[in-house]
Every structure is written in structure tokens, then in C-alpha cells.
There are 2 protein chains.
Amino acid sequence: MPLGFEKHDHTACIQSALAKADSYCADKGLQFTKIRRRVLELLLMEHKALGAYDLLGNLSNEGLGTQPPIVYHALDFLVANGFAHKIEKLNAYSACCHPGKTHAPVFMICRRCKCVVETQTEPLRNFLGTTAKAAGFLIERTVIEIEGLCPSCQKAEPARPYYPLRT
Amino acid sequence: MPLGFEKHDHTACIQSALAKADSYCADKGLQFTKIRRRVLELLLMEHKALGAYDLLGNLSNEGLGTQPPIVYHALDFLVANGFAHKIEKLNAYSACCHPGKTHAPVFMICRRCKCVVETQTEPLRNFLGTTAKAAGFLIERTVIEIEGLCPSCQKAEPARPYYPLRT
DNA sequence: TATGTTATGTTATATTATTACATATAGATA
DNA sequence: TATCTATATGTAATAATATAACATAACATA
Ligand SMILES: [Zn+2]
Ligand SMILES: [Zn+2]
Ligand SMILES: [Zn+2]
Ligand SMILES: [Zn+2]
């Protein structure tokens, strides 16, 4: 599993994630069915987020279903069980890179090549916890997504100004 | 402007935000037109996020336009100029509580009463900067949204488990 | 007023997601 | 094994969000 944008053995990356999902589901008595497994596999193929209808297109080509609820059902399962995340900024879905661990994921999204890298930071979680506590707010979920340019795309394109547009 | 969930003089809150927008636009030579101003005003009315079609419903009732691009044009302006933010998790829009300041906003979203409170944390921004830098990633924008229960809703409803569902 | 620029309006359509329910299948129970 | 029950999949229709492409109107300023 990549910790960042460095090259890695992605075949192993995929196999490892599927194996973890297999054993986790076996442990918990969850049905890791053909469709669910295939959707996860599709999400694992690249470190990119895929839209529900991209996934559905693939399923459809493979004779695994043609209607939206097919893929949304599978995504519900994968997200609920922590095998995938929804990337809110993209309305798309990404395989989890740290399955089986409690984590508050942080996504780095390259606007140019669309790659998505998941990282996690315990300090950040603590930090948000402190911020929320000060306001009396009780955290249940977090959405943390960073948009910008990945290392290789920085060479190809100038940066846009850091948030916000206002000076 | 509220720093958290405490009660405050919301009429003053609205007036102050509109006045800031007026003067900012005057300074920059931006056209703070009737529709744009009204959309901001609608967003300011409560500390909640409103969907584009909610806003359009209001505009439509007031004879200010009936088609989606009307409201999306206005929202584009308000977001581009930092008067409003899109809340990605809700596909909805919220007036900025710190207009005129450079900031990476953090939103606390109550799942029960749907209130949205914007805060900002310079340390968090630094922290994400460090995380990204370690991966060689260049930040342009951030999406930081916390979901959970606001102080008053905590009294009314039990919390759900903290992220993630996985044990 | 003439001219270029920005804002608004119109039509159509794209994209993402859900509701509600029917059928099929897996796993548990008798 | 046969039945029961819960879960998964399939179907149809529709809801909700957002954009493309372009026409018209209003504004800015020379
Ligand atoms: Zn993850
Ligand atoms: Zn890139
Ligand atoms: Zn703001
Ligand atoms: Zn609340």
C-alpha cells in the first residue's frame, strides 16, 4: 500500500487488499459476493476514484447488472464495512488503503491526473477532536480531502493560488 | 459571527456579513447584483446549508428566476469570491462566517438539526501542509467537514460510533 | 452613444442517487 | 431434506444535483 505517491508493486497492492477483505468477511460472517468483490477489485485497479456509473458500466459489460441500485448496493456494503470510501469532492469512490484499521482518512486528490492517495494522521484526528470539543460538538465522521497537484503533475503544470481566492 | 454553537444576535450577524460583502465588492469593482445579494441573504438567514434548488425555489417565489443556471451562476460568484462555501458532504451551500479573511474553513455539521458552523484553524492548515509536503503534494484547496451532533442535539439523541464502523 | 464586458435568461441535457418493491439466494432451523 | 428467514440482487421509475451551449440584457467606460 502506498504511503504517498511513490511507485509500488500495485499487483501486490490489489491482492493484499482483496485478501484482507476475504478474511475480514469470513471472520465477521459477511457475504463477500461476486458483485461486491468485483466492485472492490475495480476500485483497486488504479489509485483513482471511480464514479458509480463508471463502475456500473464495467459491471454491465461483464453481465453483472445494468441498473444503478446494483452498484449502489455494493458500494453501500463496501463503504459500511470500511473497504472503500466516498470521495465527496468528486462524487466518486475509492478503495481503502488501510482496511482493517480504525482511521480517519485524509485524501490527497490531484486535479490534473485525478489520482487519489489516502493517508491517515492520528494527530490530525486528535486535533480536530480538540477543535470540536472546544465548540461542544461531538464528532461521528470526518471528511478531509486535499486538492492540488501530485508530485509528477507539479512538473507539468503551474500551481493555482492556495485557498482561498480572496487576497 | 458565531465561533461555535452559542446563541448570538443573528440579525447583526446577517447585516454585518452583507455590509462586508457590499464594501468588498465596491472595493474590487465586483457587481454585487440583486440576485447575488439575495442568494447570499438567503444563505445567511440560518446557520444551515441550503441546496441549490432550495435557493432556486425562493428566487422563483420572488420572481427572480426559475431556471437552475440562475442560482448556479450566483453561487459560482459567491463561492469564487469567498462569500459562501459549498458543503461537499451535503451538496449544499453555506454563507461564509469569516469573509474577507484568508482561511481554510472547517465545518461542523449536525446530522440531527442540520446546523452548520464554520470555524477555522490555522494550526490545522499548517498540519495538513506538513502532511502533504511529506508526500510531495501541493495543496490548492481543502475540504474539511466534521459530522456529528451539536451541543443541543447531544442531549436529545445518543451518539453513533466514531469513525469508522469497523472495530 | 458606441463598444466591449459581464450578468442574466433559456433550453436542453448530463450526472449522481434513491424509493419502493419483486425475485432469488444463502444460511439457519426443524 | 424441507422449510423458514434473512440477506442479496434485480427492476422500474423517479428524484436531486449540476452543466453545456448559447441568446439577450445590463453595465462600464471611453
Ligand atoms: Zn481508508
Ligand atoms: Zn497528478
Ligand atoms: Zn469561510
Ligand atoms: Zn443539532
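Letters go in sequence order (proteins before strands), and every chain restarts at 1.
Each of C:dT19, C:dT8, C:dT11 was ranked by its minimum atom distance to the side chain of B:Gln67; first place goes to C:dT11. For A:Ile70, counting side-chain heavy atoms from C-beta on, the closest listed nucleotide (D:dT9, C:dA7, C:dA17) is D:dT9. Comparing C:dA17, C:dA7, D:dT9 by their nearest atom to the side chain of A:Asn91 picks out C:dA17. Comparing D:dT19, C:dT8, C:dA20 against the side chain of B:His73 picks out C:dT8 as the nearest. Taking every side-chain heavy atom of B:Ala52 into account, D:dA18 is the closest of D:dA18, D:dT9, D:dA12. Listed candidates were D:dA18, C:dG9, D:dT9. Nearest to the side chain of B:Tyr93 is D:dA18. Considering only the side chain of B:Tyr53, D:dT17 comes nearest among C:dG9, D:dT17, D:dG10. Here C:dA7 is the nucleotide among D:dT11, C:dA7, D:dA20 with the atom lying nearest to any side-chain atom of B:Arg36.
Here B:Phe127 and A:Phe127 keep their ring centres 6.0 angstrom or further from each other. The distance between the ring centers of A:Phe83 and A:Tyr24 falls below 6.0 angstrom.
Ranked by how close their nearest DNA chain C nucleotide is to the 5' end, A:Asp76 and B:Ala74 are led by B:Ala74. Both B:Gln31 and A:Asp54 lie close to DNA chain C; mapped to their nearest nucleotides by heavy-atom distance, the more 5′-ward contact belongs to B:Gln31.
Between B:Arg112 and B:Glu157, at least one side-chain N (NZ, or NE/NH1/NH2) sits under 4.0 Å from a carboxylate O, which counts as a salt bridge.
If you run side-chain hydrogen bond (donor to acceptor under 3.5 Å, both in side chains) between A:His47 and each of A:Lys114, A:Glu118, A:His8, only A:His8 comes through.
The nucleotide D:dT29 finds its pairing partner in C:dA2, both defining distances of the Watson-Crick or G-U wobble pair being shorter than 3.5 Å.
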